[in-house]
Protein chains: 2
Amino acid sequence: MGAKETLINHNIRPSITRLEIMEYLLSVRTHPTVEEIYDYLLPKIPTLSKTTVYNTLKLFSEEGIIKLLTIDGAQVRADGFNDMHGHFLCTGCRKLFDFPLGELAGECLDGFDVKTREVYYTGLCKNCQK
Amino acid sequence: MGAKETLINHNIRPSITRLEIMEYLLSVRTHPTVEEIYDYLLPKIPTLSKTTVYNTLKLFSEEGIIKLLTIDGAQVRADGFNDMHGHFLCTGCRKLFDFPLGELAGECLDGFDVKTREVYYTGLCKNCQK
DNA sequence: TTCATTTTTGTAATGATTACAATATAAATA
DNA sequence: TATTTATATTGTAATCATTACAAAAATGAA
């Protein structure tokens, strides 16, 4: 499903800005920060403001079409994909990797109503282990 | 193992301040914020400063005897327990619950060197579902 | 067009965290 | 003990991501 349909399905008017942000999120799996989104789109949308990026991400996440990750406590990152995956942050190169995640076993959560799940590892990626 | 032994084992001099912080972390499973630790200890240590709490938590976490959680992006929380458990944040009452965690299944992480793991759910606790 | 609504923008405020220099405390040495 | 050295703690000021807010711009309706 494309960016436009996604927005319309969630009753979000598909303005240029919103479309560009959504398309960007769907085009990369790096889970960019606000800064990165802003820097990437500024050439295309010269009047763009960071506040707009913040507002838009908040809107998207309230509608459940993206997830806002607070991976390393520093900046928020946007995750436009909703397949079940975990995140691996390499403490060497600071890159963020996705990894597939099957069923989570062993969670005893009787009575709790789980809405969102996040699995987050840190360590060293292949390159940085040398 | 008590707070004092833990510190000594990690070559951290067991000053009053450090002991009190460590003991507090071991006495509650609420994963308190810096603010909460500070407020709790101020009556006991009237000269305590927040910077010291930050410094001490950083020291502890570098030595691997606690974990610093960035649960909801707002404040850091300190987790003094190192059994394998996940965290559940109730979006209603904002309370943080621990839950036991068995083996994590389905993680394809060939070649990655995993150092830390965090599993973090949100939703509604029993009380807040009404 | 004109009016009302929504979206975007820029600036200023907030609030957690860190940098840093000064002070206090403890350990080591003479 | 007195003196020196290293370590711990403190307070203030700076940093930086995020939010609040009000104005401006764009869009849609009448």
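All values derive from a computational prediction rather than experimental measurement. Throughout, a chain's letter reflects where its sequence line sits, starting with A, and its residues are numbered from 1.
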What is the distance, rounded to the nearest whole Å, between atom [atom1] of [X] and atom [atom2] of [N]?
X	N	atom1	atom2	result
I37(B)	dT17(C)	CD1	P	11 Å
E20(A)	dT8(C)	CD	C1'	15 Å
K50(B)	dA13(D)	NZ	C1'	15 Å
N11(B)	dA8(D)	CG	C1'	16 Å
L59(A)	dT19(D)	CG	C1'	16 Å
L41(A)	dT8(C)	CG	C1'	14 Å
K58(B)	dT9(D)	NZ	P	15 Å
N55(B)	dC20(C)	CG	C1'	11 Å

* **Criterion side chain to side chain contact (heavy atoms under 4.5 Å, CB included) against I37(B), the qualifying member of V28(B), L57(B), L42(B), L48(B)** =>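 Running side chain to side chain contact (heavy atoms under 4.5 Å, CB included) over V28(B), L57(B), L42(B), L48(B) with I37(B) returns exactly one hit, L57(B).
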
[X] side chain near [N] phosphate (N/O to OP1/OP2, under 4.0 Å):
X	N	answer
T52(A)	dT9(C)	yes
T47(A)	dT9(C)	yes
Y54(A)	dT18(D)	yes
R18(A)	dT8(C)	yes
T17(A)	dT8(C)	yes

* Hey, would you say the F99(A) and Y121(A) ring centroids sit under 6.0 Å apart? ->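 For F99(A) and Y121(A), the ring centres are under 6.0 Å apart.
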
* To do: Give one of base, sugar-phosphate or nothing for T51(B), where a contact means two heavy atoms less than 4.0 Å apart.
  =>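 Counting heavy atoms under 4.0 Å across all strands, the contact made by T51(B) includes a base.
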
Whether [X] side chain and [Y] backbone form a donor-acceptor pair below 3.5 Å:
X	Y	result
E62(A)	L59(A)	no
T56(A)	T52(A)	yes
E36(B)	R77(B)	no

* Asked: Q75(B) or I12(A): which one's nearest nucleotide on DNA chain C is closer to the 5' end?
  ->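 The residue closer to the strand's 5' end, by nearest nucleotide, is I12(A).
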
Can you tell me which nucleotide in [options] comes closest to the side chain of [X]?
X	options	answer
L48(B)	dA8(D), dT10(D), dA17(D)	dT10(D)
S49(B)	dT9(D), dG11(D), dA27(C)	dG11(D)
I45(B)	dG28(D), dT9(D), dT10(D)	dT10(D)

* For I16(A) and E35(A), take the nucleotide of DNA chain D holding the closest heavy atom to each; which residue's nucleotide lies nearer the 5' end? ->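 The residue whose closest nucleotide sits nearer the 5' end is E35(A).
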
